[in-house]
Amino acid sequence: MSGRFYLLFAFLFSVGPLEASREILLCKSPSLEVWYTLCDERNALTLSLHPCTYKVGEFHRLSLTWITRMDLLRVSVQVDVWKQSVKVSEYKYVLCSGADDYYPFCGAIKGETIEFSSDTLLPRLHLVQDKYIFSFKVLAGEQEKMAFCGNVSLIQKE
């Protein structure tokens, strides 16, 4: 039995590269720390968030700069929220439907630089002191191909 476990263990860790994604500090304050990683570091993506707090009902300035690798005619984002390996919430938002779109990046074509800032409400989750992982996928096109994805680690300190 232990030999089978060893083979399974060896197989799981030899299937893909062991190189970890680079974790990037998004913001840090006495009450909150936010880091993010991207699934594909070839995506030229920059994020910023101000203020560096998490309070339900509080607006935040979210800014994004990104060079898209596909057309953004139809875009949705899927967000799963994890706490201690348990999914506590999931969301799916349609950002661009192809008609009467609100966001200025809707309709951008492959290779275009997207610069976007918005005052936004963060998800209405009541977070207690702990670490949360927001796993996100941005999907584009009729077939919902992956435009980019990543994880945001949010450490609520108070």
Side-chain angles (χ1 to χ4, degrees), residues 12 15-29 31-127 130-156:
L12 288 174
V15 171
L18 294 177
E19 181 180 321
S21 295
R22 185 172 58 111
E23 202 169 33
I24 301 165
L25 179 64
L26 185 58
C27 72
K28 188 174 186 176
S29 73
S31 64
L32 183 70
E33 198 169 304
V34 182
W35 298 80
Y36 72 94
T37 59
L38 299 174
C39 296
D40 182 356
E41 290 189 5
R42 294 177 297 152
N43 274 312
L45 177 74
T46 305
L47 293 171
S48 68
L49 177 68
H50 301 283
C52 192
T53 60
Y54 190 97
K55 294 179 184 169
V56 174
E58 183 176 74
F59 277 92
H60 294 76
R61 170 62 89 184
L62 178 65
S63 299
L64 168 123
T65 302
W66 174 49
I67 299 173
T68 179
R69 296 190 334 195
M70 60 182 56
D71 295 345
L72 301 180
L73 303 175
R74 293 180 185 263
V75 179
S76 63
V77 61
Q78 180 178 325
V79 180
D80 297 328
V81 183
W82 298 84
K83 177 183 174 187
Q84 298 177 1
S85 302
V86 175
K87 187 188 292 188
V88 295
S89 187
E90 60 184 13
Y91 302 93
K92 186 168 184 179
Y93 303 100
V94 174
L95 301 176
C96 307
S97 64
D100 298 327
D101 293 318
Y102 172 77
Y103 297 103
F105 54 81
C106 296
I109 58 172
K110 180 179 178 178
E112 195 171 333
T113 299
I114 307 298
E115 291 181 355
F116 173 73
S117 287
S118 176
D119 290 327
T120 186
L121 287 170
L122 295 178
R124 292 184 176 134
L125 296 171
H126 293 281
L127 304 180
D130 210 336
K131 180 177 181 178
Y132 300 85
I133 306 294
F134 291 75
S135 178
F136 65 90
K137 296 177 186 175
V138 176
L139 309 169
E142 294 289 332
Q143 291 81 31
E144 293 192 319
K145 292 183 180 178
M146 184 89 64
F148 69 88
C149 62
N151 290 320
V152 174
S153 299
L154 186 146
I155 303 166
Q156 182 75 24

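Starting from 1, each residue takes its place in the sequence as its number. Since the structure is predicted, the reported quantities are computational estimates derived from the model, not experimental observations. Heavy-atom basis, side chains included; hydrogens, waters and symmetry copies ignored.
Considering every non-hydrogen atom in both Met146 and Met70, the closest pair reads O-CE, 3.4 Å. Across all non-hydrogen atoms, the minimal contact from Ser29 to Cys52 is OG-O, 2.7 Å. Closest heavy-atom contact between Leu45 and Phe148: CD2-CE1, 3.8 Å. Of all heavy-atom pairs between Phe136 and Asn151, the closest is CE2-N, 3.7 Å. Residues Ser97 and Arg74 share a closest heavy-atom pair of O-NH1, 3.1 Å. The minimum heavy-atom distance linking Leu95 with Cys106 is given by the pair O-SG, 3.6 Å.
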Side chain to side chain contact (heavy atoms under 4.5 Å, CB included) between Gln156 and Asp130, intermediate numbers included: CA-CA 5 Å; Gln156 182 75 24; Asp130 210 336; 5.9 Å; no
Steps toward side chain to side chain contact (heavy atoms under 4.5 Å, CB included) verdict (Trp66, Leu72): CA-CA 12 Å; Trp66 174 49; Leu72 301 180; 3.7 Å; yes
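Distance OG/Ser48 to CG/Leu64: 8.5 Å, rounded to 0.5 Å. With values rounded to the nearest 0.5 angstrom, Glu142 atom CD is found 9.0 Å from Leu73 atom CG. If you take SG on Cys27 and OH on Tyr36, they are separated by 11.5 Å, rounding to the nearest 0.5 Å. The structure places CD1 of Ile155 at 12.0 Å from OG of Ser31, a figure rounded to the nearest 0.5 Å. Atom-to-atom distance recorded for Glu90:CD and Trp82:CH2 is 9.0 Å, nearest 0.5 angstrom. Between the CG atom of Leu47 and the CD1 atom of Ile24 there is a distance of 8.0 Å, given to the nearest 0.5 Å.
Two residues are said to be in side-chain contact when any heavy atoms from C-beta on lie closer than 4.5 Å; His60 and Thr53 meet this criterion. Counting heavy atoms from C-beta on, the side chains of Tyr91 and Val81 come closer than 4.5 Å. You'll find the side chain of Leu62 stays beyond 4.5 Å of the side chain of Ser118, heavy atoms only.
The number of heavy atoms from other shown groups lying within 6.0 Å of NZ (Lys83) is above 12.
Salt bridge annotation for Asp119-Arg61: present, with a cationic side-chain nitrogen under 4.0 angstrom from a carboxylate oxygen.
Looking at Asp71, its side chain never comes within 3.5 Å of a backbone N or O of Ile109 through a donor-acceptor pair.
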